[in-house]
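What follows is one structure encoded as structure tokens, with my remarks underneath.
Quantities reported herein were computed from a predicted structural model and do not represent experimental measurements.
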Amino acid sequence: MSGTPSDTTAEPSLADPSTASVAIVGASLAGLSTARELRALGHTGEITLIGAEDHLPYDRPPLSKAVLCQGVTSAPVGLTDDEDLTEFRWRLRSPAIGIDHHAAGHDVQLDDGTSITAATVVVATGARPRTLIGADMAGVHTLRTLDDALELRESMRRGGHMVVIGAGFVGCEVASSATAAGMSVTIVEASEAPGAALLGARLAHWLHSVHARHGVTLRTGTAIETINGTARVESVTLADGTELPADTVVIGIGALPNTEWAAASGMAIDRGFLTDEQCATAVAGVYAVGDCARVYNAITATHVRQEHWAAALDHARRAARSLLRLPPPKYTAPYFWSDQYDLRLQVCGTIPAGQSPSIVEGNLESDRFVAVYGDVDEPVAVVAAGGGRTFTRLRKHIDRSEDRRRTAQVLEHQ
């Protein structure tokens, strides 16, 4: 699939898309943000948000931190306000199981036997955690939803030893929260240099040293052989035969986009819903945003799936403007952050493989620094722990460069 999807259905007849009905499949950050963006841009038609969970949309970043450490429940991580509740139509506890297309629009089928008909559909069904054999045992958790976080918090109250499988950011955030709660924590990671793809080898090594200083044991280059226990987890066995005691296990080995429900939809699917640069799928009048979408990048000529908060907002802006036939917003570089211990780690841009950064402010030893990749005056990426003003300035510079490059690439191919 190229950057411009090929239509597999007739274009619905929408004389005025600003008044046409919209169904958003996924009551998530990406879904709610798309609905809000449509209203902000002048859309007046009916917007229905369809959610599989019992909860109204909520923010996921606090799940591995505030919810686990501070006893926070749904209210502080909720995203909706009173206006959202009256402005939009809501169908919660209603997973989508299929979608059909016709000349007037689309029918989204729900698992209760009903369907929602709309002129346009925005798919925001997110992703689910990858798991392992033994995950059904008590004390074994993944972390994706608010209910997941509440169950994990209850398990952590038992104390003892936690084994975190996977040294990605979610795993590291859970490890820092568990350490703060007084648990003994071991992180097990199959790769030899976890985090190197996202941070580069030097900064990944620094982050591992931060965890070590807080008492976390990191076992790299080894996989999990079995998760052991009967009704409740008791230990995990590594591939080298080592057995680690475990009162709680957290599996953090990535996520799979939720696309199966739409397998017969005609949308191009390859590890996510493939879209063009404005989040339009191969089916006319259907868009995909958030963790379930792989959005085309004209510079790299690839489709990219980003599981980041900032990406969900960017997708929402693009889909809403495309739906309303408005010019696209400016392009921005990838951005994400991670809170671990008393650190906020921020990353903007794409870190070149194998490249070592230049420290332009602070130092790694103090855990307060700003590091840039590429030319110091024209960086392609920046990573910071602290360094708020400098990071913000560099992020704006990288965003401007990204917009110039991608806009030029798009114009070249028109």
Side-chain angles (χ1 to χ4, degrees), residues 59-69 126-132 135 140-145 148-149 152 156 162-180 183 185-212 214 216-224 227 236 238-239 244 246 248-258 271-272 290-292 294 304-312 334-341 343-351 353 381 383 385:
D59 218 2
R60 296 188 190 275
L63 298 183
S64 57
K65 298 172 281 289
V67 173
L68 296 185
C69 288
R128 63 189 183 279
R130 295 178 183 272
T131 190
L132 296 169
V140 181
H141 302 268
T142 55
L143 182 57
R144 186 76 187 183
T145 68
D148 291 340
L152 175 56
M156 287 170 55
M162 174 185 286
V163 174
V164 178
I165 304 172
F169 279 137
V170 171
C172 286
E173 288 167 4
V174 170
S176 66
S177 295
T179 300
M183 298 188 75
V185 181
T186 299
I187 300 176
V188 179
E189 167 61 43
S191 69
E192 293 287 353
L198 285 176
L199 297 176
R202 185 182 178 190
L203 296 188
H205 178 75
W206 160 79
L207 185 58
H208 302 162
S209 74
V210 171
H211 282 275
H214 284 83
V216 174
T217 300
L218 189 65
R219 298 287 301 266
T220 62
T222 186
I224 297 292
I227 300 175
V236 299
L238 307 184
L244 303 175
T248 300
V249 171
V250 179
I251 302 171
I253 54 175
L256 297 168
N258 293 321
R271 293 164 292 154
D291 294 354
C292 67
R294 287 185 66 211
V304 180
R305 191 170 74 88
Q306 296 184 55
E307 295 181 60
H308 303 314
W309 190 89
Y335 166 75
F336 60 93
W337 76 91
S338 178
D339 292 328
Q340 300 176 39
Y341 307 106
L343 299 173
R344 166 156 288 193
L345 188 65
Q346 297 187 86
V347 181
C348 178
T350 302
I351 293 175
V383 181

Thr217 side, atom OG1; Ile187 side, atom CD1 - distance, nearest 0.5 Å: 9.0 Å
Note, Arg219 side chain near Leu244 side chain (heavy atom, < 4.5 Å): yes
Minimal non-hydrogen separation, Ala149 against Val67, with atom names: CB-CG1, 3.7 Å
Point-to-point distance, once rounded to the nearest 0.5 Å, from CG of Leu143 to CD of Glu173: 9.0 Å
Among Leu343, Leu345, Val216, side-chain contact (heavy atoms from CB on, under 4.5 Å) partner for Val210: Leu343
Check: Trp337 and Pro61 side chains under 4.5 Å, non-hydrogen atoms: yes
Which residues share a side chain to side chain contact (heavy atoms under 4.5 Å, CB included) with Thr350, sequence neighbours left out: Pro334
Residue pair Val163, Val188: steps toward the side chain to side chain contact (heavy atoms under 4.5 Å, CB included) verdict: CA-CA 7 Å; Val163 174; Val188 179; 4.0 Å; yes
Donor-acceptor contact present, side-chain His208 to main-chain Pro194, <3.5 Å: yes
Closest heavy-atom pair and its distance - Pro257, Cys292: CB-CA, 4.0 Å
Verdict with supporting geometry, Leu238 and Ile224, side chain to side chain contact (heavy atoms under 4.5 Å, CB included): CA-CA 4 Å; Leu238 307 184; Ile224 297 292; 3.6 Å; yes
Between CD on residue Glu189 and OG1 on residue Thr220, distance to nearest 0.5 Å: 8.0 Å
Heavy-atom closest pair, residues Glu192 and Gly221: OE2-CA, 3.6 Å
Any side-chain heavy-atom pair of His141 and Val174 under 4.5 Å: no
Close side-chain approach of Val250 and Leu152, heavy atoms under 4.5 Å: yes
Heavy-atom pair of closest approach, residues Cys172 and Ala167: SG-O, 3.6 Å
Criterion side chain to side chain contact (heavy atoms under 4.5 Å, CB included) on His214 and Ser176, from CA distance to verdict: CA-CA 8 Å; His214 284 83; Ser176 66; over 6 Å; no
Distance, nearest 0.5 Å, that separates OG of Ser209 from CG of Leu218: 10.5 Å
Over all atoms of both residues, closest heavy-atom pair of Ile251 and Leu132: CD1-N, 4.0 Å
Heavy-atom donor-acceptor pair, Arg305 side chain to Asp291 backbone, under 3.5 Å: yes
Rounded distance [0.5 Å steps], NZ in Lys65 versus OG in Ser338: 6.0 Å
Gap between atom OG1 of Thr142 and atom CZ of Arg130 - 0.5 Å precision: 13.0 Å
Pairwise side-chain contact, Thr186 with Val236, heavy-atom cut-off 4.5 Å (strictly under): no
Verdict with supporting geometry, Met156 and Leu68, side chain to side chain contact (heavy atoms under 4.5 Å, CB included): CA-CA 8 Å; Met156 287 170 55; Leu68 296 185; 4.2 Å; yes
Trp309 side chain reached by Arg60 side chain, heavy atoms, under 4.5 Å: no
Non-hydrogen atoms of Ala175 and Val185 that approach each other most closely: CB-CG1, 3.8 Å
Step-by-step salt bridge (charged side-chain N to carboxylate O under 4.0 Å, His left out) determination, Glu307 to Arg144: CA-CA 12 Å; Glu307 295 181 60; Arg144 186 76 187 183; 3.2 Å; yes
